[in-house]
Amino acid sequence: MRLDPRAPLVLDTRELGRRPGSQRQKSFSAPAPADLGIEVLRVPEGSPVEFDIRLEAVMEGVLVTGTASAGLDGECVRCLEPIHDEIEVDFQELFVYEEKDDETDDEDSGTSRLEGDLLDLEPLLRDAVVLSLPFQPLCQDDCPGLCIECGARLADDPDHQHEEPIDPRWAALQGLTQDDDVPSRNPGVPEE
Ligand SMILES: [Zn+2]
Ligand SMILES: [Zn+2]
């Protein structure tokens, strides 16, 4: 698949003229691609990602250095409260010039390549964003989560409590008492 020069995350490096040492600074905004982030925390698709990038021609290709910043939406893994946050990531990658007589290029060599004068920022952005996200996003560092009995969000109600659980030995006795008080529950005892 060839890169589309009109795609928002595809950059044209032609103006560098492949002269080592020539540089361009670019600042621009592009809509976030789909699935940028992790299940519980991601950059909403289509929301603006702000790039600040330096393109620098070197002997082997073009060195890309820059930052990207974007908004994040997600939810706390403990209490499910929505999280709105911002992210700023740094990246640097060398995009190597294509070799004309080497069409059977190893795609999985891990080397980023230019296609003609075009390069694709998307894989770079994706890696940088995913690496910088917490695996377990929390609404606050010490989020106490949800009450295991009723599901209330404990951060909203730190003094949240239920009746002291009954001592299991008494609970057994109480059960017996209740049966005595309500004999009709016992199918073996006829109603009066
Ligand atoms: Zn939380
Ligand atoms: Zn509760």
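Both counts, for ligands and for their atoms, begin at 1 and track the order of listing. This chain uses plain numbering: 1 for the first residue, then up along the sequence. Heavy atoms only: backbone and side chains are in, while hydrogens, waters and symmetry mates are out.
The name of the N, O or S atom in H160 nearest to the Zn ion (ligand 2) is NE2. Restricting H162 to its N/O/S atoms, the shortest distance to the Zn ion (ligand 2) is reached by NE2.
Judged purely by atom type and a 3.5 angstrom limit, S29 has no side-chain atom pairing as donor or acceptor with the backbone of E50.
Around the Zn ion (ligand 1), the two atoms SG of C76 and SG of C79 are separated by an angle of 110°, to 10 degrees.
A heavy-atom distance below 4.5 Å is found between the side chains of P137 and V77. Contact annotation: the side chain of R153 approaches that of C139 to within less than 4.5 Å [non-hydrogen atoms, C-beta and beyond].
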Practice task
Step by step, work out the side chain to side chain contact (heavy atoms under 4.5 Å, CB included) result for V64 and L11.
Solution key: CA-CA 10 Å; V64 179; L11 297 185; 5.7 Å; no
